[in-house]
Amino acid sequence: MLKRLGGMSRSAIDKTRSLLGSSSASAQALREVRVVGADEHPVTRKLIGRNALKVLDRLNENGHRACLVGGGVRDALVGLKPKDFDVATDASPEQVRALFRNSRIIGRRFRLVHVVYGREIIEVATFRAAHDAGEGGEVASSGRIVRDNVYGTIEEDAIRRDFSVNGLYWDVADGSIVDYVGGLDDVEARVFRLIGDPLVRCEEDPVRVLRAVRLAAKLNFSIEASTLGAMQEVSSELGKTAPARLFDEVLKLFQGGYAEASFDAVRDHDLLQHLFPALQKRFDRLDESSAAQLESLLRAALVNTDRRVSEGKPITPAYLLAFMLWPEVEEAALAAIEQGEQVHDAIHAAAEEALSEQVRATSIPKRFSGPMKEIWQMQPRLERNHGTRALSLMEDRRFRAAYDFLCLRATIDPELEAVAEWWTEVQTISDHEQQQTTAANRPVATHVWGELPTGARKKRRGGTRRRRRPSKSGGEKHPSS
Ligand code: ATP
Ligand code: MG
C-alpha cells in the first residue's frame with residue numbers, strides 16, 4: 001500500500017538533531033523521513049471533512065504550511081471515517097486568528113486556535129518544539145510538562161506528539177503523507193508506540209497512558225512492549241492528574257462510540273481505580289457472581305450508549321455516569337431508608353456523598369451532576385408510583401432518561417422486569433387507556449424501596465418488612481474466600 005521513499009530528507013534529520021543536540025532523547029525519536037505521495041496512500045480529500053479542508057486550504061493559500069495531523073490521518077489510514085480533524089501549521093496562533101473571523105485562541109498549557117463552524121470545531125496548532133528546547137516550556141520536578149508553547153519546525157512538532165501513529169502529517173499542498181517518526185510502519189503493524197523514550201514520555205504526561213489504552217481499544221491495535229512497560233510504571237501517577245483533565249478523558253472513552261471496548265481496556269489495564277475509584281473498590285470486594293452482575297449492568301449501559309452513537313442519536317454523559325455511581329448511591333440510600341430516612345432525603349444524601357468522592361478523581365460539571373441526581377431520584381418513584389400519579393411522572397422532563405435507566409436495571413434484575421414492562425406499555429397506549437391502566441393495580445417493586453404510606457415516614461426500629469436484595473448488599477466477598 002505504501003511505497004517507501006527513503007533517504008529524501010536526511011538533511012532535515014541532521015538539521016533537527018543538531019538543533020536538539022545529538023545526545024537528546026528527543027533527537028533519537030527522529031527516524032529517516034518518509035514521504036508518501038498522494039496516489040500511494042488511501043487518505044484523500046473526500047475522507048477529510050469540508051470544514052477541515054476549508055481551514056487547510058486557506059492557510060495554504062496564504063503561504064503557510066498546513067497539514068492534517070493526528071487522529072484524522074491515523075483513522076483514515078486504517079479505513080475508519082475520521083470524526084475529528086486537527087490541523088498543524090507554521091502560522092502562529094495570531095496569524096491563524098487573523099485569517100478566520102470564526103476563530104478564537106484558547107488554552108494556556110497549549111495555545112491553540114479553534115475555528116468554529118456551527119457545532120464543529122477545527123483545532124489549529126502551531127508547530128511546536130520539544131518542551132526542553134527553549135523559552136515558553138515549563139517542566140515540573142516530577143518530569144511533567146506544565147507549559148508547552150515553544151514553537152518549532154514540523155520535525156520538532158512530530159517528535160513531541162505522543163504515539164508514532166499520531167505523528168503523521170497529511171500535507172494539503174500536495175496530498176502527501178510525511179512521516180518523521182516511523183508512524184507508517186506502526187500503522188501497518190497496527191501498534192501503538194510512544195515516540196522517543198517511553199518512560200520519559202509517560203512521565204511527562206501520564207494521561208498518555210489512558211490515551212494509549214483508549215485508542216488501542218478503538219482501533220484494535222496492540223501496544224508495543226516497551227511502551228506498555230512504561231505505562232505500567234507510570235500509571236499510578238494518573239491519580240495526581242487534574243480531575244478536569246481526567247473528566248475530558250472519561251468523555252472521550254465513553255462517548256466516542258466504543259465505550260464497551262474502552263471500559264474493558266480500562267479494566268484490563270487496571271485503570272478503573274483512577275477514573276471511578278468507588279466502583280473499583282466495589283469490584284474488589286464483591287464475590288464473583290455479584291461482580292459479574294454489576295458488570296452486566298454497566299455493560300448494558302455501555303452497549304446502549306454505543307448503539308445510540310452508531311445510530312446518530314444524541315447521548316448525554318449524565319446517563320452513563322449515573323450508572324457508574326448508582327451502586328454506591330443505591331446501597332447508601334437503602335441503608336439510610338432501613339434506618340427510617342425518607343426515600344428522597346436518603347437518595348439526596350447518598351448522591352451528594354457519591355459525587356463528592358467521585359469529583360476527587362474526575363470532575364463532573366454541574367450540568368451533568370444535576371441530571372444524574374434527577375435520574376436517581378426518579379428510580380424509586382418509577383418503582384413505587386402507580387395510579388394517576390404515574391401519568392404526571394411521564395410529564396417530567398427527566399422521565400425518558402430515568403425510564404431508560406430503569407429498563408437497563410431491569411435487564412439484570414428480574415424483579416424489576418414487570419415494572420419496566422408496565423411503563424413501556426403505558427407509554428404506547430392512548431390517553432384514555434392510560435387513565436384506565438394507571439387507575440388499575442400494577443406490579444410495584446415494593447421490595448426495593450418500600451411503599452411508605454403517607455405519614456409513616458418516622459424512624460423504623462428493629463426489623464422491617466423490606467428485603468434488601470442479596471446481589472447488591474449480601475454478595476460481598478467473605479474475607480476468607
Ligand atoms: P481522537 O480524536 O480519535 O480521540 P486523536 O489522536 O486525534 O484521537 P486528539 O486529542 O484529538 O486525539 O489529539 C490530536 C493529536 O494531538 C494526537 O493525535 C497527537 O498527535 C497530539 N496529542 C494529543 N494529546 C497529546 C498528549 N497528551 N501528548 C502528546 N501529543 C498529544
Ligand atoms: Mg483528534
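Atoms within each ligand, like the ligands themselves, are counted from 1 in listed order.
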- Does the pair F85 and W170 meet the rule for a ring-ring contact (aromatic ring centres under 6.0 Å, His included), with working shown? CA-CA 11 Å; F85 300 97; W170 178 85; 9.9 Å; no

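- Between R201 and D162 there is no salt bridge, since no side-chain nitrogen of the basic residue lies less than 4.0 Å from a carboxylate oxygen of the acidic one.
- With atom 13 (O) of ligand 1 as the reference point, the heavy atom nearest to it among E204, R211, R208 is part of R211.
- In this structure, R160 pairs ionically with D157, as a charged nitrogen and a carboxylate oxygen lie closer than 4.0 Å.
- Donor-acceptor pairing under 3.5 Å is lacking for the side chains of R398 and Q377.
- K83 does not count as a contact of ligand 1, since none of its heavy atoms falls under 4.0 Å from the ligand.
- At least one N or O atom of N166 sits closer than 3.5 Å to an N or O atom of ligand 1.
- At distances below 3.5 Å, at least one donor-acceptor pair connects side-chain atoms of W376 with backbone N or O atoms of A322.
- Under 3.5 Å, the side chains of Y180 and R161 contain no donor-acceptor pair of N or O atoms.
- When heavy-atom distances to ligand 1 are checked against a 4.0 Å cut-off, L215 comes that close only through its side chain, counted from C-beta outward.
- Heavy atoms of D84 found under 4.0 angstrom from ligand 1 belong exclusively to the side chain.
- Looking at D86 and the Mg ion (ligand 2) together, the shortest N, O or S contact belongs to OD2.
- Residue contacts with ligand 1: G71 is placed with a nitrogen or oxygen under 3.5 Å of a nitrogen or oxygen of the ligand (distance criterion only).
- Using modelled atom types, one finds a donor on one side chain and an acceptor on the other under 3.5 Å when comparing R97 with S103.
- Summary: OD1 is the N/O/S atom of D84 found nearest to the Mg ion (ligand 2).
- Residue D205 touches ligand 1 through its side chain alone, judged by heavy-atom distances below 4.0 Å.
- If you look at K218 next to ligand 1, the close heavy atoms, those under 4.0 Å, all belong to the side chain.
- Contacts between E249 and ligand 1, counted as non-hydrogen atom pairs separated by less than 4.0 Å, are absent for every part of the residue.
- The contact set between ligand 1 and R160, taken as ligand atoms under 4.0 Å from a residue heavy atom, comprises 29 (C).
- A donor-acceptor pair shorter than 3.5 Å cannot be found between the side chains of S290 and Q293.
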